[in-house]
Number of protein chains: 2
Amino acid sequence: MSAPKIQTRQRQEQITQAALDLINDSGVTGLSIAGIARRVGIVPSALYRHFSSKDAVLDAVLDLIGQRLQDNVAHVRQKTPVPLQQLKLLFTRHTAMLSENRAIPHMVFSDAVYYGQPGRRARVAQIIFTYLKEIETIIASGRQDGSIRMDVATATAAVMFLGLIMPAAILWNVSGENFDMATHIKTAWPAYERSIAAQTPKEAL
Amino acid sequence: MSAPKIQTRQRQEQITQAALDLINDSGVTGLSIAGIARRVGIVPSALYRHFSSKDAVLDAVLDLIGQRLQDNVAHVRQKTPVPLQQLKLLFTRHTAMLSENRAIPHMVFSDAVYYGQPGRRARVAQIIFTYLKEIETIIASGRQDGSIRMDVATATAAVMFLGLIMPAAILWNVSGENFDMATHIKTAWPAYERSIAAQTPKEAL
DNA sequence: AAGAATTGTGATTCACAATTCACATTTTAC
DNA sequence: GTAAAATGTGAATTGTGAATCACAATTCTT
């Protein structure tokens, strides 16, 4: 019994998504050609019609992740024009995203990134720094409208924003998903805000 | 030509250290029995005289990492009694430690932790939460002496402390060790301090 | 110094996963 | 409709790395 023939473009999407899902379930180590193929409903060797190698699949997964992050930023921008609110919203959305996709931290910290295909690490750096840049842009506009203080470097404020997210992701993962994200968001945000906002705002709860 | 015979206790230490070094160089994926054995100067099969399996070696490495973290805390405590200074010192020491040992984030985020031996994840959780607990203790004493504000939960302040460290570690690794740790420490610390200190201190620079 | 326990060695087994290839089937182009 | 291109299949190849085992050398005990 043979799988239906699908155009490469769509198969590539299926394969990339299946790979992402598989990483969610079993980590980067658990990612195998056979596993991906099974999920897509084709035979392992068929996968090579659409990707030249496993490494190529990994690169596609990285692209997908970068895409998702950018989508997040775009969504937040379109939701509200107020910089501090954009940041808070991005915070909640990003944490929610991480709750559903462990694949993201797994990829970012994966050996495959650091010791696999040369250039892979640069690719991940690209994704992270691009994301960071977006955050910096938001912060910069907050500086312009006077809502964010000037004596914290935008770069630092942006890195600290990541610092709001990363530990939460780790603790959530390592604790067997028992870490209370909601509480973390509720308590950490005001503290972060205090460290970067021009003055303690009253309405931003 | 045969390697000298060494008592198991010491071989275990050699092996654990070699494994840690190997992870530093090649990641958890690059950790192989053969690689460890080569570094120690014995033959792969000889390793099984001292460890029952590769998993057992991994557990030993985890213990070693937990040990190092605790040592760090102890050192800081002995250096100064002022909570905020303890935190800052811990921050600098921890970042320095991460610069030298990529193995630590690699292990913490490794698939081997999440998808390997069941219970391994709990072990990592144990290490992290113990460390977090120490930080909370420091913060609690800062609350008692009035140097740290009461309206931030100690747990949150502790998690945010990790948030000072983790992004730095990632950016440093992903950027090919080009991220400027020193600048990060210098700019991020005051911001963090502002978010948890009772009032902007003047001497704590 | 003899026997037991410990530690080291080399060959080998086993499982697993990526990749290739010759061939089959379906889709597309003309 | 027919040839060519695209896609899918199953078998075979190859490499890798963990683990086992029988045997050798060393150290410890007494």
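Numbered from 1 within each chain, the chains take letters A, B, ... in sequence-line order.
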Between C1' of D:dA18 and CG of B:L58, the distance in whole Å: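 To the nearest whole Å, that distance equals 13 Å.
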CD (A:Q70) with more than 12 external heavy atoms under 6.0 Å: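 Enclosed: over 12 neighbouring heavy atoms sit under 6.0 Å from CD of A:Q70.
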Plane angle bin for A:Y115 and B:H106 - parallel if under 30°, tilted between 30 and 60°, otherwise perpendicular: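 Rings of B:H106 and A:Y115: tilted, 30 to 60°.
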Whether A:F179 and A:H184 hold their rings parallel, tilted or perpendicular, with breakpoints at 30° and 60°: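 Tilted: the ring planes of A:F179 and A:H184 meet at 30° to 60°.
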Touch class at under 4.0 angstrom, heavy-atom based, for A:P4 against every strand present: sugar-phosphate
Collect all protein-nucleotide pairs involving nucleotides 21-30 of chain D in which both atoms are nitrogen or oxygen and the distance is under 3.5 Å.
{"residue": "D:dA25", "atom": "N3", "partner": "B:K5", "partner atom": "NZ", "Å": "2.3"}

Test item: side-chain donor near acceptor, A:S195 and B:S195, under 3.5 Å: no
A:Q126-A:R123 side chain donor-acceptor pair, cut-off 3.5 Å: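 A:R123 and A:Q126 do not have a side-chain donor-acceptor pair below 3.5 Å.
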Test log, rule salt bridge (Lys or Arg N to Asp or Glu O under 4.0 Å), inputs A:R77 and A:E134: CA-CA 10 Å; A:R77 281 233 172 76; A:E134 296 284 6; 3.1 Å; yes
Residues from residues 12-37 of chain B lying under 4.0 Å of DNA chain C - heavy atoms: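 Heavy-atom contacts with DNA chain C come from no residue of residues 12-37 of chain B; none.
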Angle between terminal axes - the helix from C:dA1-D:dT30 to C:dC30-D:dG1, 5 pairs each end, rounded to 10°: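 The two end axes of the helix from C:dA1-D:dT30 to C:dC30-D:dG1 meet at 20°.
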Given D:dG8, C:dT7, C:dT19, the nucleotide with the shortest approach to the side chain of A:Y48: C:dT19
Minimum-distance nucleotide to B:K54 side chain [options: D:dA18, C:dT9, C:dT19]: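 Ranking D:dA18, C:dT9, C:dT19 by closest atom to the B:K54 side chain puts D:dA18 first.
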Residue-phosphate contact under 4.0 Å: A:H50 side-chain N/O, D:dA6 OP1/OP2: no
Set of residues satisfying ring-ring contact (aromatic ring centres under 6.0 Å, His included) with respect to A:H94, sequence neighbours excluded: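 ring-ring contact (aromatic ring centres under 6.0 Å, His included) list for A:H94, sorted by chain: A:Y131.
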Residue pairs fulfilling salt bridge (Lys or Arg N to Asp or Glu O under 4.0 Å) with at least one residue in residues 168-191 of chain B, sequence neighbours excluded: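 For residues 168-191 of chain B: B:R102-B:E177.
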Atom pair OG1 (B:T154) and CZ (B:R143), whose distance is rounded to the nearest 0.5 Å: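 It comes to 5.5 Å.
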Show which side-chain atoms of residues 42-53 of chain B pair as donor or acceptor with protein atoms under 3.5 Å away, not counting sequence neighbours.
{"residue": "B:H50", "atom": "ND1", "partner": "B:T8", "partner atom": "OG1", "Å": "3.1"}
{"residue": "B:S53", "atom": "OG", "partner": "B:D55", "partner atom": "N", "Å": "3.4"}
{"residue": "B:S53", "atom": "OG", "partner": "B:A56", "partner atom": "N", "Å": "3.3"}

